[in-house]
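See structure below.
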Amino acid sequence: MKNGFRQSMAWLHTWTGLLVGWLLLLIFMAGTASYYREEISRWMRPELPRNTVSNEVAAERAIAFLQHKAPQAESWNVTLPDPRNPAMRMFWRNPESMVKSPAEGEKRRRRGGGRFGDATVDPGTGEEVAARETRGGDFFYRLHFDLHYIPVYWARYLVGFCAMFMLVAIITGVITHKKIFKDFFTFRKDKGLRSWLDFHNVSAVMALPYHAMITYTGIVTLMFMYLPWGVNVAYAKDEDAFFSEAFARLADIDTPSEGHAAALPIQQLLDAARAEWKGAQVGGFTLYHPGAANAVIDIQQRDGKRLSVDTPSLRFNAVTGALMEASPRSGGATQTRGVMYGLHLARFADWGLRALFFVSGLIGCLMVASGVVLWAVKERPKHAKSGKIGFGLRLVDALNIGAVAGLPIAFAAYFWGNRLLPVQMAERSDAEVNVFFYAWGAALLAAFLWPKRLMWAWQLYLGAAMFLLIPVINALTTHAHLGVTLRTGDWVLAGFDLMMLAFGAVLAYCALRMQRWQPALSAAEKKKRQVAAAAAAKAQESAPVEANA
């Protein structure tokens, strides 16, 4: 290679990171927020009560609710409450004969009169909760690999492309920095380009194993989409059979209902499942043909300390209680894929490990952000010599401001929308998402119109103010504010508000530093100033001599 192997890797590292850096930052930020998607969803639905009953009681009340709400449904699906999600979520599938065709020009309703129904129920009372419509934290989860407005198929390919570039950037970054661990302990403050490089190195090395793991496992989660040819060849006529066999799933029930019979008490069926699992907790269940003589219930184990995302299921005869089938044991390849998927989602993590994943994700965001800013800092002196800022640098400056400083504004705006949009607004969840992208679009537009250093400070100050005001808006619009949640020990809701204050404080500090920041002088400028200072000093020394003469 012309410039040597390490120099070639440095070039590859720069461009693989820069070309997708802004989209990667969105993916990293949304993915990092997803570690607390259940907590975010709960904050965004303040009407949900805290759960104070056992899962057995909650399951009984779920059955009673569904018997009243959807007695003729073909199947009921219930997700039981857990420490992170206090409400019960349930879905049901109505017979085709009950589906009402929408009138001309009318959209098919999502609830009532459709093929599927859903409800959120208070496990304490068994009554449906009239909570506001929102996507909550699930929006960030879907955003980090579906990108929302883009068609899902193309969005996932684009995200996979970015992930591959990220993986290449990580590998080439390790190769490029031969003193990578020494540089980890080196940070030179207020040294211009050197400071940015040190910050990028520290943020990259500090969570390097996490960065490699989360990028690689992210690709693995969609591997059958990226590499479908083996499945297409082996299961040309029935891809669903592959997924049932590979992921150890129970086959769907497609037989019609027969006769009438009362099912066993749900508590007895859940106890039977726990006995089979040696005490493992139940996460939910699906009852097929409720009220029929051939009713069948699938009981799913709760995500617990298992690394794998694939959780076991048991199938019982709901009338007799006989165990009919257990999900088949996974093979080595399936278990490996399940563990990698589980590592990416981190559902197994307790509060401490989840916080570590979250902090590592934030460090990843800093790594990506510092990388795209570093390119602009390195290029600026070259453009300064010509006295003109080129289109490429101007474009990167605008994208840097709009992504690094603009995305926090969009995140805060999403939470503002949740509290300020009318609760009964039609298509409310879509409106919240639109607020996110309107705010981000406005930040990007402002950055393109005036990509200057002061724009950095303005957007960071705006983001700081929006985050700091979230607890205030929460207090003005709901009864689930810090004055209540701290007193009652509701640390999920209180922790969210406190974290918003922390993010606001950090952004305010960054804005203040950006406002006061002065670029470091180049070597040529330093020499020029030294020559000018020496000439001035010499002139001052000669002045008294001339006066005496």
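Atom set for the values below is all heavy atoms of this structure, side chains included, hydrogens, waters and symmetry mates excluded.
Separating the NE2 atom in His211 from the CD1 atom in Ile363 is a distance of 6.5 Å, to the nearest 0.5 Å. Rounding to the nearest 0.5 Å gives a distance of 9.0 Å between OG of Ser34 and CG of Leu345. Distance check: Arg50 CZ to Leu493 CG gives 8.0 Å after rounding to the nearest 0.5 Å. Atom-to-atom distance recorded for Leu250:CG and Ile299:CD1 is 11.0 Å, nearest 0.5 angstrom. In this structure, the separation between CG on Asn418 and CE on Met44 is 4.0 Å, given to the nearest 0.5 Å. Note: Thr79 OG1 to Arg89 CZ = 9.0 Å, rounded to the nearest 0.5 Å.
Phe161 places none of its side-chain heavy atoms less than 4.5 Å from the side chain of Leu23. Proximity of Arg42 to Asp490: side-chain heavy atoms (C-beta onward) are separated by under 4.5 Å at one or more points. Side-chain contact check for Ile214 versus Phe28: some heavy-atom pair is nearer than 4.5 Å. Within the 4.5 Å cutoff, no side-chain heavy atoms of Thr120 are placed close to those of Glu128. The shortest distance between side-chain heavy atoms of Arg61 and Val121 does not fall below 4.5 Å. No side-chain heavy atom of Phe116 sits under 4.5 Å from any side-chain heavy atom of Phe91. No side-chain heavy atom of Val282 sits under 4.5 Å from any side-chain heavy atom of Asn55. Counting heavy atoms from C-beta on, the side chains of Met367 and His200 come closer than 4.5 Å.
Using a distance-only test at 3.5 Å, with no hydrogens or angles considered, a donor-acceptor pair links the side chain of Trp440 to the main chain of Gly402. Side chain of Arg115 to main chain of Asn94: a donor-acceptor pair is present (N/O by atom type, distance under 3.5 Å, no hydrogens or angles). Side-chain atoms of Trp491 do not come within 3.5 Å of backbone N or O of Thr485 as any donor-acceptor pair. Side chain of Gln459 to backbone of Ala443: a donor-acceptor contact under 3.5 angstrom is found. Distance alone, capped at 3.5 Å, places no donor-acceptor pair between the Ser41 side chain and the Gly136 backbone. Trp277 places no side-chain N or O within donor-acceptor distance of the main-chain N or O of Gln301, the cut-off being under 3.5 Å. Side-chain atoms of Arg302 never come within 3.5 Å of backbone atoms of Gly284 as a donor-acceptor pair (strictly under, hydrogens ignored). Checking side-chain atoms of Asn51 against main-chain N and O of Asn85 turns up no donor-acceptor pair under 3.5 Å. No side-chain donor-acceptor contact under 3.5 Å links Thr215 to the backbone of Leu167.
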Determine, stepwise, if the pair Phe357 / Tyr35 fulfils ring-ring contact (aromatic ring centres under 6.0 Å, His included). CA-CA 8 Å; Phe357 270 70; Tyr35 287 128; 5.6 Å; yes
What verdict does the side-chain contact (heavy atoms from CB on, under 4.5 Å) test give for Ile297 and Arg315, after you've listed the backbone C-alpha separation in whole Å, the side-chain angles of each residue and the deciding distance to 0.1 Å? CA-CA 6 Å; Ile297 185 169; Arg315 175 167 292 169; over 6 Å; no
Set out, in order, the CA-CA distance, both residues' side-chain angles and the distance that settles side-chain contact (heavy atoms from CB on, under 4.5 Å) for Phe285 and Ile63, then state yes or no. CA-CA 11 Å; Phe285 57 88; Ile63 294 294; 3.8 Å; yes
Step-by-step ring-ring contact (aromatic ring centres under 6.0 Å, His included) determination, Phe140 to Tyr414: CA-CA 10 Å; Phe140 296 125; Tyr414 180 64; 5.2 Å; yes
Before giving the answer on salt bridge (charged side-chain N to carboxylate O under 4.0 Å, His left out), spell out for Glu432 and Arg135 the whole-Å C-alpha distance, their side-chain angles and the decisive distance to 0.1 Å. CA-CA 8 Å; Glu432 288 181 359; Arg135 299 190 185 187; over 6 Å; no
Give the C-alpha distance, both sets of side-chain angles, the deciding distance and a yes or no for side-chain contact (heavy atoms from CB on, under 4.5 Å) between Val372 and Trp22. CA-CA 8 Å; Val372 292; Trp22 305 284; 4.0 Å; yes
Verify side chain to side chain donor-acceptor pair (under 3.5 Å) between Asn434 and Tyr149, making sure each step is shown before the conclusion. CA-CA 10 Å; Asn434 290 337; Tyr149 293 118; 2.6 Å; yes
For Arg306 and Val339: C-alpha separation, side-chain torsions, deciding distance, then whether side-chain contact (heavy atoms from CB on, under 4.5 Å) applies. CA-CA 8 Å; Arg306 297 168 55 90; Val339 168; over 6 Å; no
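Separation of the Phe415 and Phe496 ring centroids falls under the 6.0 Å cut-off.
A salt bridge links Asp271 to Arg274: at least one charged side-chain nitrogen sits closer than 4.0 Å to a carboxylate oxygen.
The environment of Tyr226 atom OH is dense: over 12 non-hydrogen atoms of other residues, nucleotides or ligands sit within 6.0 angstrom. Within a 6.0 Å radius of OH in Tyr509, other residues, nucleotides and ligands contribute 12 heavy atoms or fewer. Residue Tyr216 places its OH atom among 12 or fewer non-hydrogen atoms of other residues, nucleotides or ligands, all under 6.0 Å distant. A 6.0 Å sphere centred on NE2 of His479 holds no more than 12 heavy atoms belonging to other residues, nucleotides or ligands. Within 6.0 Å of CE on Met164 lie no more than 12 heavy atoms contributed by other residues, nucleotides or ligands.
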Tabulate below the donor-acceptor pairs under 3.5 Å that side-chain atoms of residues 468-477 make, not counting sequence neighbours, or state none.
from   : atom 1 : to     : atom 2 : distance (Å)
Asn474 : OD1    : Arg419 : NE     : 3.0
Asn474 : OD1    : Arg419 : NH2    : 3.1
Asn474 : OD1    : Thr478 : OG1    : 2.8
Asn474 : ND2    : Ala480 : O      : 3.0
Asn474 : ND2    : Asp497 : OD2    : 3.0
Thr477 : OG1    : Ile473 : O      : 2.7

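Scanning both residues, Ala494 and Leu482, for their nearest heavy atoms gives O-CD2, 3.7 Å. Across every non-hydrogen atom of Ala87 and Pro123, the tightest pair is CA-CD, 4.1 Å. Across Ala70 and Trp76, no two heavy atoms sit closer than the pair O-NE1, 3.0 Å. Listed here is the closest heavy atom pair of Gln300 and Ser313: CG-OG, 3.6 Å. Smallest separation of non-hydrogen atoms from Pro86 and Pro49: CB-O, 3.5 Å. Minimum heavy-atom separation, Val404 to Pro408: O-CD, 3.3 Å.
Between Phe145 and Tyr141, the ring planes lie perpendicular to each other; the angle is over 60°, past the 30° to 60° tilted range.
Paired with Glu39 under the rule salt bridge (Lys or Arg N to Asp or Glu O under 4.0 Å), one option of Arg84, Arg45, Arg354 passes, and it is Arg84.
Residues satisfying the side-chain hydrogen bond (donor to acceptor under 3.5 Å, both in side chains) criterion with Tyr157, sequence neighbours excluded, are absent altogether. Take Arg156 and apply the side-chain hydrogen bond (donor to acceptor under 3.5 Å, both in side chains) test, not counting sequence neighbours, and it matches Asp146.
When only modelled atom types and interatomic distance are considered, Asp298 and Thr286 share no side-chain donor-acceptor pair under 3.5 Å.
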